[in-house]
Amino acid sequence: MFFKDVWKDVKAVKERDPAARNAFEVLFLYQGIHALIMHRIAHWFYKKHMFFIARWISQVSRFFTLIEIHPGAEIGTGVLIDHGCGTVIGETAVVGDNCTLYQGVTLGGVGTAKGKRHPTLGKNVMVGAGAKILGSFEVGDNASIGANSVLLKPLESDSTAVGIPARPVKLNGQAVEKKHKLAQVNADISKLAETIDILNERLSQMEELLKKNGIDTSSLETNRDTTEFTDWVI
């Protein structure tokens, strides 16, 4: 199983890295492969509750490859860590099969509470150079995160997110920016309509109170704008 997983990682580099010439070169000269090999060994010790040995192997790997993978992280097969320098993968992170991570990627957590605190990547996810994915949430299959983006929320399958904080810009190859803006406008209008309804209700209550106290409120009723804002939603 171990050697089969390593071979799948080597094949992934050959298929997805144009600079890779042959399996021999990939196996002996690619630090991403070395980091994954060392991690699979460290992860075995981690699952056997030999935490010190697991962490020691992880630190040795970090020293030689400049790629830090916590031994508790779960990593699938066919994973490509391209260049890899500065890549950090946290303890409770999960990386699905056939994912691609470029240099400087961080799969990190937020807060200091124990338990699941790192992201879960689905299959065939691409994370660009310098991107940060922070928090315990899922990134769907075939998703892409642009270089130097900071993703803080779940991401749908087959979507692309960029920016700080990262927002979806494509879904199934189609731009979603206009749809996102329209949805935000509708949400704002709905909120405004709710606020106006509350104000109208309170005004009616005030008028009733004034009438009970013998104060004429006919002028208020004449000048009131009765526009229905709920019909404005696009």
Side-chain angles (χ1 to χ4, degrees), residues 1-48 50 53-108 118-133 139-149 151 155 157-158 160-162 173:
M1 185 68 177
F2 172 79
F3 294 103
K4 185 177 181 181
D5 290 345
V6 171
W7 178 243
K8 287 182 179 179
D9 293 336
V10 171
K11 285 179 63 179
V13 175
K14 286 181 60 183
E15 292 170 359
R16 303 206 291 274
D17 184 359
R21 294 179 175 82
N22 53 65
F24 182 84
E25 179 185 87
V26 170
L27 183 61
F28 285 93
L29 301 179
Y30 274 62
Q31 71 269 31
I33 291 294
H34 302 159
L36 289 171
I37 291 173
M38 296 290 280
H39 170 72
R40 297 191 192 287
I41 297 171
H43 187 63
W44 185 87
F45 282 102
Y46 187 88
K47 290 194 296 183
K48 299 295 182 181
M50 301 180 187
I53 298 175
R55 195 58 188 263
W56 180 78
I57 294 171
S58 171
Q59 291 301 105
V60 170
S61 174
R62 176 178 178 269
F63 178 81
F64 285 105
T65 66
L66 300 180
I67 298 170
E68 182 172 348
I69 308 175
H70 193 284
E74 298 180 21
I75 297 183
T77 59
V79 173
L80 167 60
I81 302 178
D82 199 8
H83 302 290
C85 183
T87 296
V88 178
I89 301 176
E91 179 184 16
T92 61
V94 178
V95 179
D97 296 340
N98 303 310
C99 288
T100 300
L101 310 179
Y102 289 92
Q103 68 272 17
V105 165
T106 298
L107 305 183
H118 298 91
T120 296
L121 307 188
K123 298 179 180 179
N124 307 306
V125 174
M126 192 283 293
V127 186
K132 318 299 179 189
I133 306 177
V139 176
D141 297 343
N142 309 307
S144 298
I145 296 94
N148 294 316
S149 298
L151 184 65
L155 187 61
S157 298
D158 303 297
T160 300
V162 298

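Residues meeting the side-chain contact (heavy atoms from CB on, under 4.5 Å) test with Asp158, sequence neighbours left out: Asn142, Asn172. Partners of Ala131 by side-chain contact (heavy atoms from CB on, under 4.5 Å), not counting sequence neighbours, listed by chain and number: Val127, Ile145. Under the rule for a side-chain hydrogen bond (donor to acceptor under 3.5 Å, both in side chains), Thr160 has no partner lying at least two apart in sequence or in another chain. Scanning for side-chain contact (heavy atoms from CB on, under 4.5 Å) contacts around Ala147 gives an empty result, with sequence neighbours left out. For His118, there are no ring-ring contact (aromatic ring centres under 6.0 Å, His included) partners, not counting sequence neighbours. For the ring-ring contact (aromatic ring centres under 6.0 Å, His included) test, residues two or more places apart in sequence or in another chain that qualify with Tyr46 are Phe51, His70. Scored by the side-chain contact (heavy atoms from CB on, under 4.5 Å) test, Trp56 finds Val60 as partners (sequence neighbours excluded). Not counting sequence neighbours, the partners of Arg62 by the salt bridge (charged side-chain N to carboxylate O under 4.0 Å, His left out) test are Glu68.
Between Pro71 and Arg55 there is a side-chain heavy-atom pair separated by less than 4.5 Å. Between Trp44 and Ile41 the shortest side-chain heavy-atom distance does not fall below 4.5 Å. In this structure, Asn98 and Arg16 have side chains that are in contact, with non-hydrogen atoms separated by less than 4.5 Å.
The heavy-atom pair separating Cys99 from Asn124 by the smallest distance is SG-N, 4.1 Å. When all heavy atoms are compared, the tightest approach of Ala20 to Lys14 is CB-CA, 4.1 Å. Across every non-hydrogen atom of Ala161 and Leu151, the tightest pair is CB-CD1, 4.5 Å. The two atoms that bring Gly140 and Ser157 nearest to each other are CA-OG, 3.4 Å, heavy atoms only. When every heavy atom of Ala42 is checked against every heavy atom of Ala54, the shortest pair comes out as O-CB, 3.3 Å. When every heavy atom of Ile67 is checked against every heavy atom of Gly84, the shortest pair comes out as CG1-O, 3.2 Å.
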Distance-only donor-acceptor pairs under 3.5 Å for side chains of residues 25-33, two or more places apart:
unit_1, atom_1, unit_2, atom_2, d
Glu25, OE1, Arg21, N, 3.3
Tyr30, OH, Asp17, OD2, 3.2
Gln31, NE2, His83, O, 2.4

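If you take OG1 on Thr65 and NE2 on His39, they are separated by 12.0 Å, rounding to the nearest 0.5 Å.
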Please walk me through it: do Ile133 and Leu155 pass side chain to side chain contact (heavy atoms under 4.5 Å, CB included)? CA-CA 11 Å; Ile133 306 177; Leu155 187 61; over 6 Å; no

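The salt bridge (charged side-chain N to carboxylate O under 4.0 Å, His left out) pairs that include a residue from residues 30-39 number zero, where partners must be two or more places apart or lie in different chains. Residue pairs satisfying the salt bridge (charged side-chain N to carboxylate O under 4.0 Å, His left out) criterion with at least one member in residues 69-97, sequence neighbours excluded, are listed as follows: Glu91-Arg117. The salt bridge (charged side-chain N to carboxylate O under 4.0 Å, His left out) contacts involving residues 30-44 comprise Asp9-Arg40, where partners must be two or more places apart or lie in separate chains.
With Lys11 contributing its side chain and Ala23 its backbone, the two residues share no donor-acceptor pair below 3.5 Å.
Within 6.0 Å of CZ in Phe2 there are more than 12 heavy atoms belonging to other residues, nucleotides or ligands.
With Ile69 as the fixed residue, the side-chain contact (heavy atoms from CB on, under 4.5 Å) test singles out one of Val88, Thr87, Ile89, Val95: Ile89. For the side-chain contact (heavy atoms from CB on, under 4.5 Å) with Leu121, the qualifying choice from Ile75, Leu107, Val94, Asp141 is Leu107, the only one to do so.
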